[in-house]
Amino acid sequence: MSSMKRTLIVGNWKMHLNVQEASLLVRRLHQHIPTHRSVEVVLAPSMLCLQPVSMEIDRHKFRLSAQNAYHRDDGAFTGEVSFTMLRELVHYSIIGHSERRIYFGETLEIVRDKVSAAVRNGIAPIICVGDTAAERANHESKKVVHDQVVSALHGLTSQEIDDVVIAYEPIWAISTFGGEVARPEDMQAMLVYIRQVVADLFGKQAAEELRLLYGGSVNQDTAHSYLELPDCNGALVGSASLNYQQFANIVAAGYQANYEKQE
Ligand code: PGA
């Protein structure tokens, strides 16, 4: 079972907050989030803020994630930052977020290349997968998610899969794409399905150990209903992560849900 794993709460700040605003949010988060051994709290600031935030955070309390990076290690790629450049700075990188896929044309192949670049550089990928409202209406959700998972993990070894995190984020539930509140029982069914896909590829044990997150309009009121799901090991939080009280309450919900699962 997945119950003894640390709960992972990731705050995706997207393209919000300048360096000064990010620093203020970090100070507030310090004040309002206690250290919980059973909860891992990860902040994903913009690329610009990663370095200053890395010097301000208490590393016992917070880890850092990039939101994206380029799959080549270095070279003449104007405007890009590589996973190699981030390796001393972050533990994680979000990869294949739906906004990257939709606005920046990230294909299954690009996402796959980024996952392997992250892993090659010792950065744990948080791979985002999710279906659109139209795919859901056409009953294609499982197929779409299956293809996203299989292609993103293509070429990884059974050792490399250990560090991978997969976030199921139905696009229709993300606040900026519609923000429909997803029913927890439907999310549990999809998380079970993703675990099964990974079991088919890498075996039962790897699938059981895999950390699966839910993302899409998670806030302080809904967080517990997702975090208590048997196959949910954490949350990827967008807009609510910019509000320190909301985010602190989501972390507290993660602690509570983890405690309940261990009972
Ligand atoms: P949201 O975003 O929490 O604002 O819906 C989630 C995400 O895009 O990762």
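Counting starts at 1 for both ligands and their atoms, following the listed order. Note that the numbering runs from 1 along the sequence shown for the chain.
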Inter- and intrachain pairs under side-chain hydrogen bond (donor to acceptor under 3.5 Å, both in side chains), touching residues 40-51, at least two apart: E40-R63, E40-Y92, E40-R211
Ligand-side contact atoms (ligand 1) for residue partner G216, heavy atom cut-off under 4.0 Å: 5 (O)
E135 (side chain) donor-acceptor with T132 (main chain) under 3.5 angstrom: yes
Lys/Arg N to Asp/Glu carboxylate O, E140 vs R136, below 4.0 Å: no
Residue pair E109 / H71, side-chain donor-acceptor N/O under 3.5 Å: no
Which of the ligand 1 atoms, numbered from 1, are nearer than 4.0 Å to a heavy atom of H97: 7 (C), 8 (O), 9 (O)
From V53, L29, V26, residue fulfilling side-chain contact (heavy atoms from CB on, under 4.5 Å) relative to F62: L29
S217 heavy atom under 4.0 Å from ligand 1: yes
Nearest-neighbour protein heavy atom for atom 1 (P) of ligand 1, which is reported as residue plus atom name and distance: S175 OG, 3.5 Å
Atom 9 (O) of ligand 1: nearest protein contact (heavy atom, Å): E169 OE2, 2.7 Å
Whether G215 lies under 4.0 Å from ligand 1, heavy atom: no
Results of side chain to side chain donor-acceptor pair (under 3.5 Å) for N68 - residues two or more places apart only: K114
For S239, the ligand 1 atoms whose distance to one of its heavy atoms is below 4.0 Å: 1 (P), 3 (O), 4 (O)
Atoms in ligand 1 flagged as close to G238, the criterion being non-hydrogen separation under 4.0 Å: 1 (P), 2 (O), 3 (O), 4 (O), 6 (C)
Which segment of N12 sits under 4.0 Å of ligand 1 when only heavy atoms are counted: side chain
Note, L236 side chain near Y168 side chain (heavy atom, < 4.5 Å): no
